[in-house]
Amino acid sequence: MSKTYSRHVSESEPVVIVVADDDADILDLVALTLERGGHVVHRAFDGEEALELIRREKPDVVVLDISMPKLDGLELTRRLCDDPETKAVRILLLTALVQDADVSEGLAAGADDYVRKPFSPQELQDRVEALLPQAGE
């Protein structure tokens with residue numbers, strides 16, 4: 001299933017990303033990695049805060065931890081995919097859950113990709129870039 005994008009992404013406009021993780025160290029690492037890639041990054045410490053940011057900022061990509069308080073990453077993914085206002089956003093799940101069933105559940109919820117913790121910053125950057133539209137899309 002291919003997704004369209006919530007807005008046109010061009011070289012003159014920075015990519016907007018919302019990152020949500022309840023671990024402050026991981027949140028900072030992810031955000032700094034993506035900011036170094038030239039992206040605008042908004043941070044959230046739980047799923048409810050992430051949902052508010054996503055609705056307000058209309059990001060191109062969201063990076064979600066699965067195990068978060070208030071609203072977990074899987075439920076947030078389902079809500080984003082079910083909402084006409086947010087269903088176009090690309091979703092990357094970032095989590096310590098490493099069983100194949102966890103990956104399958106995340107993708108079935110509507111995520112576009114899945115990165116396991118621990119991760120390399122370069123792998124994360126590459127996966128996010130792969131979710132972005134290419135020139136001419």
Do V62 and I17 make a side-chain contact, defined as non-hydrogen atoms from C-beta onward lying under 4.5 Å apart?
no
So, do L51 and L80 sit near enough that their side-chain heavy atoms are less than 4.5 Å apart?
yes
Decide side-chain contact (heavy atoms from CB on, under 4.5 Å) for V41 and L32; before the verdict, give the C-alpha distance in whole Å, the side-chain angles of both, and the deciding distance to 0.1 Å.
CA-CA 8 Å; V41 179; L32 290 171; over 6 Å; no
Check: L131 and L92 side chains under 4.5 Å, non-hydrogen atoms
yes
Please walk me through it: do L64 and L94 pass side-chain contact (heavy atoms from CB on, under 4.5 Å)?
CA-CA 6 Å; L64 304 174; L94 179 67; over 6 Å; no
Which residues share a salt bridge (Lys or Arg N to Asp or Glu O under 4.0 Å) with D23, sequence neighbours left out:
none
Taking C-beta and beyond as the side chain, do K87 and R79 meet within less than 4.5 Å on heavy atoms?
no
Taking salt bridge (Lys or Arg N to Asp or Glu O under 4.0 Å) as the test, write out the residues that go with E52, two or more places apart.
none
Of all heavy-atom pairs linking L27 and F45, the shortest is CD2-CE2, 3.5 Å
Are P59 and L53 packed together at the side-chain level, in the sense that at least one heavy-atom pair is separated by less than 4.5 angstrom?
no
Inter-residue atom distance R90.CZ - D60.CG, 0.5 Å rounding
10.5 Å
Locate the shortest heavy-atom distance separating A50 from L76; write the atom from each residue and the value.
CB-CD2, 3.8 Å
Could you list the residues that satisfy salt bridge (Lys or Arg N to Asp or Glu O under 4.0 Å) with D22, not counting sequence neighbours?
none
Under a 3.5 Å distance rule, please check whether E123 uses its side chain to pair with a backbone N or O of F119 as donor and acceptor.
no
Could you walk me through whether R127 and V63 pass side-chain contact (heavy atoms from CB on, under 4.5 Å), step by step?
CA-CA 10 Å; R127 296 284 190 92; V63 179; over 6 Å; no
Listed pairs under 3.5 Å, donor-acceptor, residues 67-74 side chains, sequence neighbours left out:
from : atom 1 : to  : atom 2 : distance (Å)
D72  : OD1    : L74 : N      : 2.9
D72  : OD1    : E75 : N      : 2.8

Note: L29 and T33 closest approach over all heavy atoms is O-OG1, 2.8 Å
Does the distance from a Lys or Arg side-chain N to an Asp or Glu carboxylate O, for E105 and R78, drop under 4.0 Å?
yes
Run the salt bridge (Lys or Arg N to Asp or Glu O under 4.0 Å) test against D28 and tell me which residues pass, sequence neighbours left out.
R43
Of the non-hydrogen atoms in G38 and P14, which two are nearest, and what is the gap between them?
O-CB, 4.0 Å
Run the side-chain contact (heavy atoms from CB on, under 4.5 Å) check on I91 and C81 step by step: do they pass?
CA-CA 9 Å; I91 303 167; C81 291; 4.0 Å; yes
Do E49 and H42 have a side chain donor and acceptor closer than 3.5 Å?
no
Using modelled atom types and a 3.5 Å cut-off, is there a donor and acceptor pairing between side-chain atoms of D65 and backbone atoms of T95?
no
Are any of the side-chain heavy atoms of V30 and D21 separated by less than 4.5 Å?
no
Answer whether the closest heavy-atom distance between the side chains of D126 and V128 falls below 4.5 Å.
no
Answer yes or no: is there a side-chain heavy-atom contact under 4.5 Å between V15 and L34?
no
Minimal non-hydrogen separation, D46 against A20, with atom names
O-CB, 4.4 Å
